[in-house]
Number of protein chains: 4
Amino acid sequence: MRARVGVFGATGYSGREIVRLLRQHPQAGVAFTTGSGGGHLDHEAGLGVAADAYLLALPHGIAAGYAARLREAHPDAVVVDLSGDLRLPDTAAYTRWYGQKHPAPELLGRAVFGLSEVYRDRLRGARLVSNPGCYATSVLLPLVPLLRAGLVDPHDIVADAKSGASGAGRSPKESLLFCEVTDDFSAYSPGHSHRHVGEVEAVLRDTTGHDLELTFCPHLLPVKRGILTALHVRTDHPPDALVAALRTAYEGAPFVHVVEAPPRLGDVVFTNDCRISVHPAASGRAVVFSAIDNLVKGAAGQAIQNLNLAMGWEEDAGLPSGFGPDGVAG
Amino acid sequence: MRARVGVFGATGYSGREIVRLLRQHPQAGVAFTTGSGGGHLDHEAGLGVAADAYLLALPHGIAAGYAARLREAHPDAVVVDLSGDLRLPDTAAYTRWYGQKHPAPELLGRAVFGLSEVYRDRLRGARLVSNPGCYATSVLLPLVPLLRAGLVDPHDIVADAKSGASGAGRSPKESLLFCEVTDDFSAYSPGHSHRHVGEVEAVLRDTTGHDLELTFCPHLLPVKRGILTALHVRTDHPPDALVAALRTAYEGAPFVHVVEAPPRLGDVVFTNDCRISVHPAASGRAVVFSAIDNLVKGAAGQAIQNLNLAMGWEEDAGLPSGFGPDGVAG
Amino acid sequence: MRARVGVFGATGYSGREIVRLLRQHPQAGVAFTTGSGGGHLDHEAGLGVAADAYLLALPHGIAAGYAARLREAHPDAVVVDLSGDLRLPDTAAYTRWYGQKHPAPELLGRAVFGLSEVYRDRLRGARLVSNPGCYATSVLLPLVPLLRAGLVDPHDIVADAKSGASGAGRSPKESLLFCEVTDDFSAYSPGHSHRHVGEVEAVLRDTTGHDLELTFCPHLLPVKRGILTALHVRTDHPPDALVAALRTAYEGAPFVHVVEAPPRLGDVVFTNDCRISVHPAASGRAVVFSAIDNLVKGAAGQAIQNLNLAMGWEEDAGLPSGFGPDGVAG
Amino acid sequence: MRARVGVFGATGYSGREIVRLLRQHPQAGVAFTTGSGGGHLDHEAGLGVAADAYLLALPHGIAAGYAARLREAHPDAVVVDLSGDLRLPDTAAYTRWYGQKHPAPELLGRAVFGLSEVYRDRLRGARLVSNPGCYATSVLLPLVPLLRAGLVDPHDIVADAKSGASGAGRSPKESLLFCEVTDDFSAYSPGHSHRHVGEVEAVLRDTTGHDLELTFCPHLLPVKRGILTALHVRTDHPPDALVAALRTAYEGAPFVHVVEAPPRLGDVVFTNDCRISVHPAASGRAVVFSAIDNLVKGAAGQAIQNLNLAMGWEEDAGLPSGFGPDGVAG
């Protein structure tokens with residue numbers, strides 16, 4: 001019998017992607033969806049439906065409140081929150097990066113951060129998971145092993161990231177109209193001001209012990225899906241040493257792959273893969289690229305990967321990859 | 001009477017843009033065009049037609065040969081070469097970056113480098129101009145004043161650049177097909193390997209005295225026109241100091257504008273403008289953006305700006321800008 | 001001295017295009033603009049500013065009220081309304097196609113329909129002009145001469161039209177988000193239900209005497225600008241006869257050009273041109289294509305063309321074309 | 001044990017899609033691929049490898065020769081030819097539409113036309129299948145049932161079709177470059193000249209007895225995938241009657257679905273579905289839309305559907321649909 005999964009917020013881009021992916025899942029099925037109109041329950045009604053797991057694709061500021069109520073009503077169920085509400089360590093950090101009061105401070109520190117490959121052990125059997133931001137996933141997957149191995153200077157890291165427009169969500173805004181995005185390209189929140197900086201720095205502190213400041217420059221690409229991040233790092237080591245550290249860290253990981261050529265968005269969209277490459281640069285520097293689909297590995301796919309781990313299923317159950325079981329892309 | 005301009009290679013994207021812009025020029029007109037078929041002369045025939053100026057939008061390896069023959073046949077005419085043939089200081093550098101023998105070594109060192117705002121004085125009255133590469137223009141315009149003012153660390157500069165597909169030219173290649181470029185994004189020649197690195201480093205040495213290595217990461221955007229470059233620089237100075245240095249350097253320049261918000265490609269396409277902004281980043285760092293239209297300021301427009309200077313006309317004659325004479329965007 | 005033009009609604013796509021085009025106009029200049037914020041007057045304040053002409057790029061239902069008040073306050077000025085308010089012959093037709101009460105019924109029948117080439121004589125010296133819809137322009141320019149010449153069956157006309165997204169305006173709607181429009185294509189309001197059907201049928205009745213029903217199928221293209229319409233017509237005449245009739249009708253017209261190959265949007269965007277071609281089809285049928293830029297010939301450009309006629313200036317003053325004065329495309 | 005399938009021409013867009021889909025097939029697997037370089041066999045070598053089925057994604061003029069040799073070498077295997085070589089009834093028709101001599105005339109008349117839903121009975125157990133053209137599929141699926149039911153006038157049919165650029169293949173041509181296709185839209189081969197007209201008319205003659213001339217206007221869309229066709233038909237019947245005939249014809253068909261609203265490309269891309277809708281138009285007319293993914297239902301997907309029928313597997317084995325087993329889209 002399939003596990004029953006309730007999906008909150010099934011009309012946004014991440015929520016729809018969760019439903020699309022769950023349809024192909026061998027062990028899970030959609031129990032109900034919430035959203036406005038179109039056969040969806042409203043969120044309040046969803047709270048009352050018993051299920052094995054709940055995936056929350058709701059706006060930050062709203063999600064954590066539902067997470068808290070779901071845990072109370074269905075204490076044995078798995079709850080995966082895709083919003084930013086539970087990613088930061090405390091209310092002060094939340095207020096700094098989100099500019100508002102935390103909706104459920106009692107949950108802070110209770111959720112496992114769902115960067116699947118990095119926190120895999122904690123995620124097995126977890127009952128509350130905070131799914132990472134899409135940009136954070138693209139930055140952390142290459143960076144954590146390199147910092148842990150001591151191969152790059154922790155105090156001089158620049159992440160120049162480019163995301164497709166679905167990362168900005170489905171709410172109508174003038175800046176997201178077709179005529180404003182097509183044929184165009186620009187940076188936004190450059191330097192040290194985007195919200196995902198907070199969770200990246202917190203995770204790096206937790207995983208590597210480094211209390212560092214990241215330069216982070218996100219850009220809006222005229223494509224629907226995908227994030228390509230260029231990490232500009234200082235290193236005294238040759239690219240091969242960085243590649244080796246990444247290969248070791250992700251040995252056996254079904255979705256993280258170190259490749260030779262700079263990865264293209266077209267390689268990863270519609271998959272749960274993260275492709276990483278390393279290249280020499282000017283003396284004392286290297287460039288590390290990572291590519292993911294922001295809606296899959298950056299949101300819905302990683303949420304299901306975390307669900308798989310929490311439920312004790314195969315980590316890659318129901319999730320698409322461009323690589324075969326032999327690790328060869330095809 | 002209008003000056004007569006011959007355009008070599010009028011069927012490529014840069015050549016067509018030259019013709020389009022010259023049609024609106026108050027003092028110049030197209031005398032003839034060369035290219036294959038469609039009413040164009042062949043290149044040999046073009047050599048025989050007397051004109052006041054010749055603009056060469058030909059592939060590197062071919063352009064300099066025609067430049068040499070034009071100077072011999074028409075010694076008083078202005079020749080602007082848009083290829084990479086005359087941008088580097090010597091044959092050794094040419095062979096290193098272009099992997100071939102130089103087609104007209106006697107011209108090396110004879111051309112003025114056509115970065116209009118930086119070499120304006122040398123360009124007035126020049127008879128041989130080497131037009132900069134599109135990426136080089138986008139990197140040098142913000143960087144030269146900052147290095148000259150001693151505001152950024154010359155030994156730690158990263159340029160993360162993104163260009164529209166017209167920069168790759170009009171020759172049919174599988175990698176440039178619509179289905180390969182749309183919905184996609186990727187880096188190429190990352191680190192220290194793209195040809196424009198050579199001319200950027202040469203110009204920086206010439207203008208600032210710094211013998212530096214640049215990390216340069218170009219990317220292919222799914223748009224037709226435009227380059228946005230993010231310069232990640234180390235600096236001990238606040239962004240305002242960088243802004244002030246740029247404003248001073250480009251005071252009175254009709255096409256280079258320092259703006260507040262990160263510039264969008266949509267702000268500059270179809271204009272000869274370069275928009276630059278400066279933003280704080282992690283401690284000790286800043287981000288500097290520059291945006292140009294690769295076919296206008298990065299090629300045809302700057303070639304005409306250089307023609308204007310060489311002929312003694314108004315620098316901005318016939319060239320589109322998004323700014324009024326008062327310097328206000330409109 | 002330049003004529004002073006007030007632009008109402010200068011923040012939408014058509015309004016911005018009017019401002020952009022007026023900047024290049026030799027005889028007219030922008031006196032003021034209205035819109036919300038950003039240095040624009042509000043509409044009420046605009047009413048009080050004396051000018052030689054007013055161009056209204058306001059939503060239907062609102063525009064005609066301002067037109068009425070402007071005529072009262074500034075009876076000698078030219079008013080060009082780009083909305084649908086004044087295009088239909090009577091309030092019954094308005095209510096049928098727009099589903100609301102007419103905002104200024106006293107103006108109905110007072111405006112000259114601004115299909116410049118067809119109503120040129122009435123437009124000279126006009127004081128109130130109703131600018132046509134973008135789709136209507138693309139259908140009527142090829143169709144009026146063919147029907148007048150009796151070359152196509154008036155009772156079996158199908159117009160299959162495709163428009164870029166700027167035709168739908170700049171108000172944020174989910175259906176116009178980048179992620180909803182890119183990589184997609186679909187029809188809407190197919191058959192006999194789109195608002196422009198009303199004005200097309202009214203103009204055809206007026207100009208050709210035929211009381212006909214048009215099959216009209218608009219589609220949304222994933223491009224910013226341009227309308228390509230395929231008219232599928234029944235005819236007993238060879239394509240050459242249709243071409244001849246069109247050439248005669250538009251002899252000397254600076255912007256309507258009959259071409260050989262099917263026109264591309266890329267040929268006409270950013271110009272005030274309409275390109276038309278005729279092709280044989282199955283027995284007894286022909287296909288007629290027309291291509292325009294919906295924001296230029298379909299809105300702002302034609303409004304200025306009408307202003308030129310109303311003010312007694314050259315019809316093509318300040319308006320871009322892809323054709324030289326010799327009628328040769330360049 | 002999985003059936004072994006050889007894929008000829010696995011580097012083009014259709015060939016790659018075949019490989020992608022076969023990877024998810026429960027009963028079939030890729031035995032080998034041919035193409036140039038990259039681990040593919042060359043075509044000659046492929047001929048020597050025994051397999052249960054061969055799918056040929058080769059250019060017309062080349063494909064039929066390999067089909068003939070495969071049948072000789074492996075007489076029990078299923079051969080599905082995706083080219084146009086075997087779609088027409090005789091060499092005269094082939095020469096007319098393809099302008100060259102037929103490469104294997106002995107095969108003409110021996111292949112079953114692979115329009116799966118229409119020729120399902122003949123396809124079961126077939127050993128040689130000629131896969132339909134992508135445009136032909138989009139025209140024939142809605143049209144065959146309507147003509148068979150006598151609901152539309154066979155002598156006045158216009159098909160206005162729009163296809164994504166992958167339909168033109170992966171060979172580098174200037175007209176297919178990103179910069180030529182993006183932001184643009186145009187018709188080509190309009191009227192009665194596109195090659196698919198030949199196979200559409202032949203199939204209509206075979207299935208409905210009508211010897212008719214189709215007006216067919218293909219257009220190139222700036223998208224990668226998808227064909228949307230508008231059939232403009234004359235009819236004395238209400239749309240409901242047409243809908244009923246289509247529903248009856250495709251009852252139980254897993255991939256052809258009659259829907260209410262005009263179908264979007266976004267509804268069908270990456271699926272083997274064909275969505276059809278019917279709408280009222282001007283008096284005596286209706287508009288019928290059909291949407292498919294040109295690479296799936298228009299090529300690779302339908303080839304696998306035909307393989308399924310030929311091998312006696314479930315018709316929908318391994319093929320993606322946007323509809324559940326209950327016929328409800330999800």
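Just so it is clear: chains get the letters A, B, ... in the order the sequence lines come, proteins before strands, and each one is counted from 1. Since the model is a prediction, treat every value here as computed from it, not as a measurement.
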**Side-chain heavy atoms of C/Pro262 within contact of D/Ser186, under 4.5 Å** =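 They are not in contact (no side-chain heavy atoms under 4.5 Å apart), so the answer is no.
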Below 4.5 Å from any heavy atom of chain D, which atoms of [X] appear? Answer side chain, backbone, both or neither.
| X | answer |
| --- | --- |
| C/Pro190 | both |
| C/Pro222 | both |
| C/Phe185 | both |

**Message:** Please determine whether a side-chain nitrogen of the Lys or Arg among D/Lys162 and C/Asp160 lies less than 4.0 Å from a carboxylate oxygen of the Asp or Glu.
**Reply:**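 The answer is yes: the pair qualifies as a salt bridge.
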**Message:** Only heavy atoms, only distances under 4.5 angstrom. Which residues in residues 206-216 of chain C are near chain D?
**Reply:**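 C/Glu213, C/Leu214, C/Thr215, listed by number.
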**Request:** Anything in residues 225-246 of chain C with a heavy-atom distance to chain D below 4.5 Å? Please list those residues in order.
**Result:**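 Only C/Leu228, C/Ala230, C/His232, C/Arg234 of residues 225-246 of chain C have a heavy atom under 4.5 Å from chain D.
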Tell me, out of [options], who's got the most heavy-atom pairs with chain D below 4.5 Å.
| options | answer |
| --- | --- |
| C/Ala286, C/Ser283, C/Ala291 | C/Ser283 |
| C/Asp183, C/Val223, C/Asp156 | C/Asp156 |
| C/Val287, C/Asp184, C/Val197, C/Val269 | C/Asp184 |

**Prompt:** Do C/Leu221 and D/Leu221 pass the side chain to side chain contact (heavy atoms under 4.5 Å, CB included) test, and can you show the C-alpha distance, the side-chain angles, and the key distance before you say yes or no?
**Reply:** CA-CA 8 Å; C/Leu221 280 171; D/Leu221 281 172; 3.5 Å; yes
**Asked** What distance separates D/His155 NE2 from C/Arg285 CZ, expressed to the nearest 0.5 Å?
**Response**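 It is 13.5 Å, given to the nearest 0.5 Å.
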**Request:** Decide yes or no on side chain to side chain contact (heavy atoms under 4.5 Å, CB included) for D/Phe289 and C/Cys217, but give the supporting numbers first.
**Result:** CA-CA 11 Å; D/Phe289 295 105; C/Cys217 278; 4.3 Å; yes
**Request:** Please report the C-alpha distance between D/Glu180 and C/Arg264 in whole Å, then the side-chain angles of each, then the deciding distance to 0.1 Å, and finally whether the side chain to side chain contact (heavy atoms under 4.5 Å, CB included) criterion is met.
**Result:** CA-CA 10 Å; D/Glu180 304 296 315; C/Arg264 297 169 54 164; 3.9 Å; yes
**Asked** Top residue by heavy-atom pair count (under 4.5 Å) with chain C, among D/Ala261, D/Gly164, D/Gly266?
**Response**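 It is D/Gly266.
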